[in-house]
Structures are given as structure tokens and as C-alpha cells.
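Just below is one structure, and these are the notes that go with it.
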There are 2 protein chains.
Amino acid sequence: MPKVGMEPIRRAALVKATIAEIGEAGTLDVTVSQIAKRAGMSSGLAHHYFGGKDQIFLAAMRHTLALYAAEVRGALSMACTPQDRIGAIVRASFSHSHFQRDVIAAWLNFYVLAQSSQQARHLLGIYQRRLRSNLIFALRPLVGLRAVDVAEQLAGMIDGLYLRQSLGQSLVDPERAIRHVMRAVALELAQGPSR
Amino acid sequence: MPKVGMEPIRRAALVKATIAEIGEAGTLDVTVSQIAKRAGMSSGLAHHYFGGKDQIFLAAMRHTLALYAAEVRGALSMACTPQDRIGAIVRASFSHSHFQRDVIAAWLNFYVLAQSSQQARHLLGIYQRRLRSNLIFALRPLVGLRAVDVAEQLAGMIDGLYLRQSLGQSLVDPERAIRHVMRAVALELAQGPSR
DNA sequence: ATTTTTATTGATTGACGGATCAATCAAAAA
DNA sequence: TTTTTGATTGATCCGTCAATCAATAAAAAT
């Protein structure tokens with residue numbers, strides 16, 4: 001059975017299984033054995049490739065973050081005007097794929113982990129700065145010096161509406177969240193550029 | 001030593017200790033023994049009064065929620081105009097006490113727990129509905145039919161800015177968050193009432 | 001053909017933690 | 001005084017889990 005070049009395959013399978021397990025449990029309280037079993041291997045192999053539970057989680061986080069980043073990049077690549085860029089970021093942030101059970105669980109646990117894990121905090125920082133700077137870049141031509149403030153405002157709204165949609169008891173309505181953010185954008189744009 | 005009527009005292013001590021422990025760990029991964037020790041009693045007694053770890057956590061959550069609710073009520077009681085009411089809600093939401101390490105940890109873990117615990121989800125629902133309806137009530141006289149939409153927008157911004165402030169690497173700046181929300185309010189108010 | 005490297009297992013270890021329980025103690029009630 | 005009730009402890013039970021390790025197997029290198 002043993003073939004060569006298994007490492008990337010095993011790692012990918014473990015990352016995928018980790019996210020699935022976390023999604024089912026809602027917590028990071030999942031065992032390495034559960035993850036390994038779902039990924040079709042023994043627990044020992046999981047340790048062999050990742051070194052420990054923490055590293056498995058971090059890899060899963062990195063993967064989740066990378067998926068989101070790719071989605072944003074993809075949407076941005078098709079935007080021509082600054083307005084389109086903002087719309088692209090917002091739509092990507094509320095895309096269908098983000099409201100999957102396991103993705104939501106990954107993000108929430110990510111936040112929790114960021115309090116105690118240096119590496120998780122670092123990763124989260126990357127996400128936050130990227131969202132912020134993407135927004136600032138798109139806003140600059142539209143609102144001038146106010147770009148930074150508006151970007152922080154919008155970033156907050158995006159994260160917060162995502163949270164409320166994810167944990168609200170009513171079914172998620174991404175379109176509604178998108179409208180809310182875009183309305184705030186429209187009001188700011190109506191103010192014209194600069195301060 | 002044994003006196004009568006210890007129950008409420010013990011329960012309060014346990015709740016306080018639980019929040020402190022969670023704050024230090026950043027996780028719900030704290031042992032009943034740790035909590036009990038910090039509260040100055042044996043682990044058996046903690047089980048005696050709460051029945052189990054889950055119930056201890058929920059009590060701690062209820063307490064955190066109650067503190068926040070009291071803060072909002074207090075601020076609202078001194079507000080006369082609708083504008084004041086909105087300002088009161090926003091300021092209470094970003095008050096100094098909310099950015100304590102242990103309070104932040106409680107909220108983040110609360111979110112995580114809400115995915116898997118029926119009771120936690122229910123509690124969170126109460127918080128979310130209360131914030132929403134407080135905002136709608138204050139907004140109605142100002143923006144008429146748009147109140148619901150604006151309230152959801154603001155609620156999202158409040159939760160999201162709290163999250164970003166709490167987990168950002170730069171030091172927290174509640175005033176800045178408050179300005180961001182209040183600016184969004186001002187822009188909406190400038191639109192006048194109704195739709 | 002032999003050695004080395006990579007892949008893989010699953011048993012094992014060592015530690016930890018939630019819950020339970022019997023036993024103790026003192027205040028209140030009878 | 002005796003009984004009952006509530007408070008309290010800490011050892012113990014039972015289970016779990018992360019991590020390690022020796023052993024095995026197959027491919028690749030020599």
C-alpha cells in the first residue's frame with residue numbers, strides 16, 4: 001500500500017476532515033482519532049504529518065482563510081470601477097460558501113483560539129488587515145481622506161452581520177446583509193470625497 | 001463552619017470564578033476543580049450546586065448577559081430623546097467594562113457554545129432580539145419605516161466593531177468605534193423619516 | 001541485492017478530568 | 001436531647017485522549 005508522495009494528499013485530507021469534524025461538533029473539542037478516522041488513516045499518521053493537534057487546527061484555519069481570500073480575489077479580478085470593487089468584497093464576504101455549517105464553526109473557533117494562540121492571532125491579523133486595506137483601496141477614489149474611517153466602519157459591519165446571520169435563529173439571508181452594507185456605502189458616497 | 005443559606009453565596013462565587021478562569025484560559029477548557037479552587041471550595045460542591053460543568057458555564061453566560069443588559073438599561077434610563085437613546089445603547093455596548101479580558105473571552109466562547117447548546121443559543125437569541133428592538137424603538141421616530149433595516153445595520157456594526165476591537169492587535173479604542181456607529185446613524189437621519 | 005527512505009499502523013503510556021459517593025460536621029427543628 | 005437537614009470534603013471510579021514508539025511494508029537509491 002505505501003506509496004511515495006503521500007504527504008500533500010494526507011495533509012489535505014486531514015485539513016478537510018478537521019473542518020468537517022469541527023463543524024459537526026461546533027467546538028475544537030474533537031479528537032485526533034476522530035479526525036484521522038474521517039480522513040481514512042490512523043491517529044499516528046496525523047501526528048506524523050502535523051506534529052500535534054494545534055498544528056492540525058492551524059492548518060485548517062489557514063485553509064479556511066485561503067478559501068476566503070481566493071473568493072475575494074476572484075471577485076475583485078472582475079471589478080473595474082471602485083464601486084464594483086466594494087460590491088465584490090461585500091458579496092464575497094457573504095457568499096453562500098461562508099454560511100456552511102463547518103465554515104461558520106471554523107471562524108468562530110478561530111476567534112476563540114486567537115485569544116490564546118500566538119499563531120492564530122497572527123493569522124487573524126492577516127485577514128483583518130487584508131479586508132481593511134481592500135476596502136480602503138476601493139474607497140480612496142470615492143471618499144478621499146474618509147476612506148480609512150469608512151473602511152473600518154464597513155469592515156465592522158461585514159464581520160458583525162456575518163456573526164448575526166450565522167448565529168441568528170432565523171434562516172440566513174445573505175442578500176439582506178449585502179443590502180445593509182451597500183446602503184451604508186451609498187450614503188457615504190453621497191457625501192462626496194475628502195473631509 | 002457550615003452555615004445555612006450558603007447557596008446563593010457559593011453560586012455567585014462560582015460564577016465569578018468561572019468567568020475569571022475562562023478569561024485566563026481564553027477557552028472553555030477549564031476544569032471544574034480550577035473553578036472551584038478559585039472560588040474557595042471543593043469540586044464536589046460545585047457539582048452539588050450546579051449539577052455539572054455545562055450548567056456552571058450557562059450560569060456564567062447568564063451573568064455576563066445580565067451585566068450588559070443592566071448597563072444598557074442604566075444608560076437608557078437617562079436618555080430623553082430618541083437620539084440620546086441610540087447614543088446610550090452604542091456607548092453601553094462599547095463601555096470600558098466590555099473590553100475586559102474575561103468579558104471578551106466569555107462572549108467569544110458564548111458564540112461558539114451557541115452552535116451546539118440549545119440553552120446557549122436561546123440566551124444569545126435574547127441578547128440579539130433585545131439589541132434589535134431597543135434600536136428599532138429608538139429609530140422609529142427618526143427614520144420611520146426604515147427603522148428595522150437601520151437597526152439591523154447598526155446591530156451588525158456594533159457586534160462587528162466589538163469583535164474587531166477585541167481581537168485586533170492594536171489597542172482598543174472604544175471612542176473610535178462609537179464614532180463610526182454614530183456617523184452611520186447621522187447619515188441615516190439626514191435622509192429623513194419613512195421610505 | 002542491499003540499504004535507505006518514506007509510509008503506515010495500532011498498541012501503549014501517562015496524564016487528566018467529570019462525576020459520584022460515602023462520610024463528616026454543624027446548625028436548626030422537634 | 002434527638003433528629004433532621006444542609007454544607008462540605010476529597011478520594012475514587014471510569015473514561016478519554018494526546019503523544020510516543022516499535023514494528024512492518026513498500027518503494028527508491030546505491
Side-chain angles (χ1 to χ4, degrees), chain A residues 1-61 105 109 112-113 116-120, chain B residues 1-61 105 109 112-113 116-120:
Chain A
M1 296 170 195
K3 294 171 191 172
V4 87
M6 281 283 96
E7 178 157 354
I9 298 168
R10 294 304 197 186
R11 291 182 88 100
L14 282 167
V15 162
K16 195 178 161 193
T18 301
I19 294 171
E21 282 294 324
I22 292 174
E24 257 182 32
T27 322
L28 295 188
D29 267 325
V30 293
T31 71
V32 175
S33 297
Q34 282 170 354
I35 294 170
K37 186 176 181 184
R38 183 186 285 256
M41 72 196 79
S42 72
S43 69
L45 203 50
H47 278 95
H48 174 67
Y49 283 123
F50 279 102
K53 207 182 177 184
D54 306 350
Q55 298 310 311
I56 301 180
F57 284 150
L58 282 171
M61 301 294 179
N109 282 287
V112 165
L113 200 60
S116 55
S117 156
Q118 174 59 49
Q119 307 186 63
Chain B
M1 296 171 194
K3 294 168 188 170
V4 87
M6 280 284 95
E7 178 156 354
I9 297 169
R10 294 304 197 186
R11 291 182 86 101
L14 282 168
V15 163
K16 197 178 160 193
T18 301
I19 295 171
E21 282 294 325
I22 293 174
E24 258 182 32
T27 322
L28 295 188
D29 266 324
V30 292
T31 71
V32 175
S33 298
Q34 282 171 354
I35 295 170
K37 187 177 181 182
R38 183 186 284 256
M41 71 195 80
S42 72
S43 69
L45 201 51
H47 278 95
H48 175 66
Y49 283 125
F50 280 102
K53 208 182 176 183
D54 306 349
Q55 298 309 311
I56 300 181
F57 283 150
L58 282 171
M61 301 293 180
N109 283 286
V112 167
L113 199 60
S116 57
S117 155
Q118 174 60 48
Q119 306 187 65

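This one's a predicted model, so the numbers in the text were calculated from it and none came from an experiment. Every chain is numbered from 1 and lettered A, B, ... according to where its sequence line falls, protein lines coming before strand lines. Computed from heavy atoms alone, side chains included, the values below leave out hydrogens, waters and symmetry copies.
For B:Lys53 against B:Val32, the heavy-atom pair with the smallest separation is CG-CG2, 3.7 Å. The heavy-atom pair separating B:Ile56 from B:Thr18 by the smallest distance is CG2-OG1, 3.2 Å. Taking all atoms of both residues into account, the shortest heavy-atom contact from B:Leu58 to B:Ala120 is CD2-N, 3.8 Å.
In this structure, A:Ser42 OG and A:His47 NE2 are separated by 10.5 Å, a value rounded to the nearest 0.5 Å. Taking CD of A:Glu21 as the reference point, atom NZ of A:Lys16 lies at 13.0 Å (rounded to 0.5 Å).
With sequence neighbours excluded, no residue forms a salt bridge (Lys or Arg N to Asp or Glu O under 4.0 Å) with B:Arg10.
Look at A:Glu24 and A:Arg38 and you find a salt bridge, because one of the NZ, NE, NH1 or NH2 atoms lies within 4.0 Å of a carboxylate O, short of that distance.
Both A:Arg10 and B:Ser33 lie close to DNA chain C; mapped to their nearest nucleotides by heavy-atom distance, the more 5′-ward contact belongs to A:Arg10.
The CG atom of B:Asp29 sits 17 Å away from the P atom of D:dT16 (whole-angstrom rounding). Rounded to an integer number of Å, the gap from B:Arg11 CZ to D:dA7 P is 11 Å. For the pair A:Leu28 CG and D:dC17 P, the computed distance is 14 Å after rounding to whole Å. Between the P atom of C:dG17 and the CD atom of B:Glu21 lies a distance of 11 Å, rounded to the nearest Å.
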Requested in this report: Would you check, one step at a time, whether the test side-chain contact (heavy atoms from CB on, under 4.5 Å) holds for B:Val15 with B:Ile19?
Outcome: CA-CA 6 Å; B:Val15 163; B:Ile19 295 171; 4.2 Å; yes
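Contacts with DNA chain D (heavy atom under 4.0 Å) in residues 35-58 of chain B: B:Met41, B:Ser42, B:Gly44, B:Leu45, B:His48, B:Tyr49, listed by number.
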Protein-nucleic acid N or O pairs under 3.5 Å, nucleotides 3-5 of chain D:
none

